[in-house]
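These figures come from a predicted structure and were not determined experimentally. As the structure lists them, so they are numbered: ligands from 1, and atoms in each ligand from 1.
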Amino acid sequence: MTTTPSLGSSRRVVVKIGSALLVDQESGELKHRWLEELVADVAALKARQKDVLIVSSGAIAVGRRLLGYGGRALRLEEKQAAAACGQVKLAHAYQDVLSRHRIMAAQILLTFDDTESRRRYLNARSTINTLLSAGAVPVINENDTVATQEIRFGDNDRLAARVAGMMSADVLVLLSDVDGLYTADPRIDPSARWIERVDALTSEIDAMAGRTRSSDASGGMITKLAAARIALGAGCHMVIAKGAVDRPLSAIEQGARSTWFVAGASPLAARKQWIVNTLKPRGALIIDAGAASALKQGRSLLPAGVKGVEGDFMRGDAVSLRRPDGAEAGRGLVAYSASDAKLIIGHKTGEIEPILGYRGRDEMIHRDDLVLFE
Ligand code: GLU
């Protein structure tokens with residue numbers, strides 16, 4: 001059994017914050033004091049060299065009051081209008097509080113498509129990686145204003161899990177109004193037992209969530225288990241903990257009651273499995289012997305080592321790597337479309353920009369996006 005994961009041993013953490021923690025449901029005002037506590041914890045994690053990403057709800061809850069909608073049920077377009085107004089205020093609050101710790105806030109608004117479609121996925125991933133290496137804290141929400149019913153996540157639990165998977169995070173923290181998973185809803189059933197740790201998402205675990213009452217479909221235990229499934233599949237551990245306490249992340253580290261969902265594989269191993277087992281190759285790159293041995297030493301694939309391009313693929317698609325004798329040497333996510341790849345193969349990295357007219361990635365396939373076969 002894997003040892004119990006912890007925030008202390010993590011390298012990259014995604015923290016999901018629900019509306020109820022951040023916004024006073026009556027007045028629609030942001031809870032600044034709570035935000036300050038949370039951000040103090042975020043700053044402390046960053047001081048320990050951990051990357052932190054925040055997935056925050058609250059845009060609609062803030063915006064509905066700004067637009068005078070009160071507490072009534074909203075139509076989709078009213079929610080989207082509310083999100084447009086509320087998100088500005090939300091982002092400003094994060095910027096303000098993070099800047100007191102000299103941390104830059106970066107707003108990222110995503111739709112389901114951005115984490116699903118290969119090309120956008122690579123873009124979002126590398127932009128967020130760039131922000132993290134610059135020391136910023138990405139503050140992420142769903143792009144509610146443009147997302148239509150079909151392309152919405154609709155709940156930030158699953159969005160946060162997708163982000164955690166996309167960014168190869170090792171821990172996803174869901175700050176919630178409950179302190180973990182119980183065998184039944186503890187507010188209704190006094191015999192409900194707390195579950196300390198979950199290693200496999202069995203039907204028995206699903207049944208526990210089904211027994212949890214939730215007035216609001218988003219944010220209930222069912223979406224949290226859906227998030228766990230996504231996170232664990234990506235090799236990311238997940239913890240559900242109570243958010244409405246001072247310094248909620250420190251509380252987890254100090255042993256406050258919470259439920260850990262433990263991933264079996266590491267994020268990198270899970271990502272490589274996904275590349276090989278889930279994605280269908282859209283084409284092939286023929287590599288030369290020099291490239292084949294460089295890859296074996298753990299290097300990325302550069303355009304100079306590619307001799308031929310087959311198939312019609314887009315940037316971000318999976319492709320096969322083939323040796324000159326035709327054997328498949330591995331698979332990876334390619335950083336250029338087939339048509340651009342054809343123009344730059346055999347060339348040095350410095351020649352990419354003059355040839356294509358834009359400065360793309362140095363690598364044809366980055367080593368993190370590459371799986372070699374024996
Ligand atoms: N994106 C929504 C908002 O910011 C929240 C969705 C959710 O809470 O799950 O208001």
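Close N/O approach between Lys16 and ligand 1 is not found [any backbone or side-chain N/O within under 3.5 Å]. Close N/O approach between Asn141 and ligand 1 is found [any backbone or side-chain N/O within under 3.5 Å]. At least one N or O atom of Ala59, backbone or side chain, sits closer than 3.5 Å to an N or O atom of ligand 1.
Ligand 1 lies nowhere less than 4.0 angstrom from a heavy atom belonging to Ala83.
Remark: Glu363 does not engage Arg361 in a salt bridge, criterion side-chain N to carboxylate O under 4.0 Å. For Asp206 and Arg229, the salt-bridge test passes: some basic side-chain N is under 4.0 Å from an acidic carboxylate O. Salt bridge annotation for Lys242-Asp179: absent, with no cationic side-chain nitrogen under 4.0 angstrom from a carboxylate oxygen.
Both Leu98 and Ile17 sit in one connected hydrophobic cluster of ILVMFWY residues. Membership requires side-chain heavy atoms under 4.5 Å apart, directly or through other members.
When Leu159, Asn156, Val62, Leu22 are ranked by how near their heavy atoms come to atom 9 (O) of ligand 1, first place goes to Asn156. Between Ser57, Ala82, Ala160, it is Ser57 that holds the heavy atom closest to atom 8 (O) of ligand 1.
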Anything under 3.5 Å between a donor and an acceptor, one on a side chain of residues 258-268, the other on a protein residue two or more places apart or in another chain? List them.
unit_1, atom_1, unit_2, atom_2, d
Thr259, OG1, Leu181, N, 2.8
Thr259, OG1, Ile195, O, 2.7
Ser266, OG, Ala269, N, 3.1

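The hydrophobic cluster around Val306 extends to Leu285, Ile287, Leu295, Leu301, Val309, Phe313, Val319, Leu321, Val334, Tyr336, Leu343, Ile344, Ile345, Ile352, Ile355, Leu356, Tyr358, Met364, Ile365, Leu370, Leu372, counting ILVMFWY residues whose side-chain heavy atoms fall within less than 4.5 Å of a member.
Close approach of ligand 1 to Asp144 is summarised as follows: ligand atoms under 4.0 Å from at least one heavy atom of the residue are 1 (N), 2 (C), 3 (C), 4 (O).
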